[in-house]
> 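Dropping the structure in here first, questions after.
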Amino acid sequence: MKTISRRRFLQITGTAIGLTACQTINLNSAKKAKVVVIGGGFAGVSVARSIRCLDNAISVSLIEPKLNYITCPGSNWLFAGITDLNKLTQNYHALQTEYGVNLLSEQVVKVDPVSQQLSLANGLTLDYDRLIMAAGISFDWDSIPGYSAQSAEIFPHAWQAGPQTLLLQKQMQALSDGGSILIYSPAEPYRCPPGPYERASMMACWLKRFKPKSKILILDAKRSFSKQKLFEAGWKEHFGYASQNSLIEWHSIADNPVLELDSKTKTLRTDFGDKFKADVLNIIPPQKAARILLETGLTDATGWCPVDPKTCQSVFQEKIHVIGDAANYAPLPKSAFAAISEAKVCAKAVVSLINQQPVAEPIWFNTCYSLLTAEHGISVAGVYKLNAEQKIELVAGSGGVSRLNDTNAAKQEAAYAKTIYNSLVFDSFGQRNSLFNG
Amino acid sequence: MRFGFSYSLIFFFISSANAEVSAENLAQNCQICHNRFADQAQIASLYQLTATQIRQMLLDFKYDKTNATLMPRLAKAITDTEIDALAEYIANQTNEND
């Protein structure tokens with residue numbers, strides 16, 4: 001039997017704060033209850049790790065078919081050459097060896113909430129006392145006729161980091177000078193609200209240097225977007241935004257929605273008959289909860305999973321908890337930071353429920369940095385509590401975005417963006433990496 | 001007099017709408033950035049700080065007594081009582097392990 005002393009554990013993991021129950025991690029004797037986690041992104045690994053720290057008599061199995069996880073945070077930085085996919089690739093090693101989480105590299109085929117069992121693609125079934133679903137998003141392909149999983153191989157969404165990100169980068173780099181890129185940004189809610197605008201910024205950094213006559217058009221299903229004033233001010237400063245020669249243009253089509261994609265002519269046609277054609281089409285489709293959540297009946301008409309925020313329980317299944325991008329924790333955004341914060345609330349609630357203790361009053365934080373250039377960062381932050389109606393709300397007077405036109409702060413925040421990325425990865429995957437170039 | 005009454009009434013509603021949370025639940029959010037392997041050249045390490053130091057830093061962020069980018073936006077959500085408990089909690093956690 002392998003045990004790790006608390007002191008050693010803290011030296012290894014750096015989780016001194018907030019884990020008073022983490023006296024020893026006993027890797028083999030976990031018999032009190034079985035918790036299964038589906039999904040190995042930020043939410044899934046954080047909840048698995050936190051539960052093992054809070055009560056190591058609970059066994060935790062994490063089901064994730066991919067052997068590695070390439071983070072979406074940081075993946076836009078690829079376009080500006082600030083990082084590469086290797087540096088964004090995390091594994092589950094520490095989770096198993098340091099925390100005693102059982103990793104099953106399998107696909108979940110079916111969840112049966114009545115028998116509290118799930119079936120895996122290899123034919124095995126698994127019982128659970130509590131199931132935590134952190135399976136992320138799926139794409140609503142039907143919402144744009146002509147667009148599909150197949151055509152995403154030609155017109156990448158790059159909204160799940162990996163081969164799609166590389167494909168889009170390759171297309172960008174193959175542009176002729178004077179070529180055009182169209183980024184279609186969907187209506188809310190979707191994963192990473194400022195992501196499309198950070199992507200445009202990172203692409204513009206590269207184009208400015210290598211293909212300065214090119215253009216990026218953001219076609220937006222929204223009337224406004226996250227950190228808009230800060231992005232637009234930065235685009236003016238760096239990319240001539242709002243001038244004749246702007247590298248980036250933003251165009252809202254909130255009243256004139258996209259009707260279809262014509263793959264042959266690389267054109268998006270809208271309701272009013274407008275046609276938007278580009279050399280590279282980056283279509284970020286509208287999203288909903290991952291397939292397994294839809295099939296288990298945990299979603300409502302919105303396509304996302306409603307939850308009781310205090311316990312993270314699905315409103316449809318009391319033994320199933322849903323966290324991360326798949327769940328509706330609005331007004332918390334679908335960010336990696338918020339997913340980790342949700343995971344920590346969930347871990348405590350699950351441990352309390354198993355031990356028949358009262359569930360503590362929750363609090364959630366969100367922090368999200370975006371880069372406009374390698375030296376220009378901006379952020380949005382917020383703290384959220386339950387109100388008297390037990391709904392999540394931003395704590396009055398807190399939160400908000402960076403100050404406008406503060407050059408020093410922008411420089412500092414660019415450095416923080418990279419530092420905080422490393423912190424997030426460490427706090428969830430338990431790994432210490434150096435994750436960016438230069 | 002009338003204004004004083006209205007303000008206290010508003011304050012009552014605000015403070016009753018959001019219940020106070022435990023230091024442990026707050027600290028688990030701090031840890032997302034300020035963990036042991038955070039780049040300490042850039043963000044404050046919470047280790048080896050006394051409760052008094054942590055409390056003063058948080059109050060300075062909250063009441064804009066110091067020039068900072070992001071922390072003031074977060075600290076404004078934490079009540080002074082929560083700050084007291086949080087500072088004690090973090091200092092005890094770290095002292096115990098250093």
Side-chain angles (χ1 to χ4, degrees), chain A residues 6-7 10-11 13-20 46 50 337 340-341 344-345 347-348 360-365 367 369 377 379-389 393-403 406 408-410 412-413 415-416 418-420 422-424 426-428 432, chain B residues 10-11 13-49 54 61-64 67-79 82 86-87 89-98:
Chain A
R6 174 175 182 164
R7 186 179 171 82
L10 293 166
Q11 282 168 350
T13 65
T15 50
I17 303 166
L19 298 173
T20 46
S46 297
S50 298
F337 197 112
I340 299 172
S341 194
K344 292 187 177 199
V345 168
K348 292 200 95 175
E361 190 66 29
I363 184 164
W364 300 268
F365 280 50
T367 294
Y369 287 93
S379 65
V380 61
V383 179
Y384 303 81
K385 284 184 173 180
L386 291 179
N387 64 17
E389 287 82 47
E393 69 177 20
L394 184 73
V395 176
S398 80
V401 297
S402 313
R403 283 187 297 272
D406 184 335
N408 284 338
Q412 264 181 306
E413 292 208 285
Y416 288 147
K418 299 164 194 169
T419 299
I420 297 302
N422 289 338
S423 285
L424 286 194
F426 178 72
D427 192 53
S428 43
R432 186 179 194 186
Chain B
I10 288 165
F11 185 73
F13 279 119
I14 289 170
S15 54
S16 67
N18 296 144
E20 296 218 327
V21 300
S22 72
E24 195 180 342
N25 287 6
L26 274 162
Q28 67 185 10
N29 284 291
C30 307
Q31 184 192 334
I32 299 174
C33 295
H34 298 267
N35 52 54
R36 193 173 287 270
F37 285 155
D39 181 350
Q40 290 169 13
Q42 291 192 36
I43 62 174
S45 167
L46 298 181
Y47 302 90
Q48 289 141 8
L49 290 177
I54 296 170
F61 286 133
K62 178 172 174 176
Y63 295 106
D64 295 314
N67 191 26
T69 54
L70 187 129
M71 277 305 295
R73 292 177 256 158
L74 297 176
K76 284 183 177 58
I78 314 174
T79 68
E82 285 172 338
L86 178 61
Y89 179 83
I90 293 173
N92 283 333
Q93 289 291 300
T94 54
N95 292 342
E96 208 176 293
N97 299 295
D98 285 329

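The chains referred to below are lettered A, B, ... by the order of the sequence lines, with proteins before strands, and numbering in each begins at 1.
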> Under 4.5 Å from any heavy atom of chain B, what part of A/S46 do you find: side chain, backbone, both or neither?
neither

> Which bit of B/A23 is near chain A, if near means a heavy-atom gap under 4.5 Å: side chain, backbone, both or neither?
neither

> Do B/Q42 and A/T419 get their side chains close enough for a donor-acceptor pair, meaning under 3.5 Å?
yes

> Go through the atoms of A/Y369 and report whether side chain, backbone, both or neither lie under 4.5 Å from a heavy atom of chain B.
side chain

> Nearest heavy-atom pair of A/V383 and B/A77: which atoms, and what distance?
CB-CB, 3.3 Å

> Would you please say whether a donor-acceptor pair under 3.5 Å links the side chains of A/D427 and B/Q31?
yes

> What part of A/I420 is in contact with chain B, defined as an atom under 4.5 angstrom from a non-hydrogen atom: side chain, backbone, both or neither?
side chain

> Pick whichever of A/S428, A/S398, A/A409 has the most heavy-atom pairs under 4.5 Å with chain B.
A/S398

> So which of A/N408, A/V401, A/V380 has the largest heavy-atom pair count under 4.5 angstrom toward chain B?
A/V401

> Under 3.5 Å, side chain of B/K62 to main-chain N/O of B/I78, donor-acceptor pair present?
yes

> State, to 0.1 Å, how close A/F365 and B/L74 come at their nearest heavy-atom pair, and which atoms those are.
CD2-CD2, 4.0 Å

